Every structure is written in structure tokens, then in C-alpha cells.
> 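Can you read through this structure? Questions will come right after.
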Amino acid sequence: RYTTLMARAPEMIDFYQDKVVNFKSDVWALGVLLYRLAFFHPPFDDNKLAILNNRYDVPSGHPYSPALLQ
């Protein structure tokens, strides 16, 4: 209720799934914060479907990019 859409966990977006909102939502928000600190932009860009489907990307050219880690 008091978070921005970018930091909301999937269970806080779709209440029809009947998932419990607990400490895991705080861990989700921490992960979003760490992603933003590492890549300088939010992982989901206010997209509810991306949050519900857990779709994010690591920018190419970044040292943590999957292409550069191989």
C-alpha cells in the first residue's frame, strides 16, 4: 500500500492469487534496490506484467552481463 510500483512484489500487485504478503516482500524490495544500485535504472520500469512474470534484463556491456561472464 505504501510502496511504489517499482518496488512492489508480485503478491502485492495481484491480490486474486491469494498469496500471503510477508517478509518475502521486503526481500523483493531489497533486490529491486540492489538492482538499481548496480545498474542505475529500475528492473521493471512500472510494468505490472513484467513484475508478475519476473521479467528483467541485465544491460549488455555491463560487467555482470551474462554475455560477458561466459
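Since this is a predicted model, take the numbers as computed values, not measurements.
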> Compile the donor-acceptor pairs under 3.5 Å between side chains in residues 24-43 and protein atoms, sequence neighbours left out, one pair per line.
{"unit_1": "Ser25", "atom_1": "OG", "unit_2": "Glu11", "atom_2": "OE2", "d": "3.0"}
{"unit_1": "Trp28", "atom_1": "NE1", "unit_2": "Arg8", "atom_2": "O", "d": "3.0"}
{"unit_1": "Tyr35", "atom_1": "OH", "unit_2": "Asp57", "atom_2": "O", "d": "2.2"}

> Asn53 side chain to Arg55 main-chain N or O, any donor-acceptor pair under 3.5 Å?
no

> Assess whether side chain to side chain contact (heavy atoms under 4.5 Å, CB included) is satisfied between Phe44 and Asn54, documenting all intermediate values.
CA-CA 8 Å; Phe44 302 111; Asn54 201 12; 4.0 Å; yes

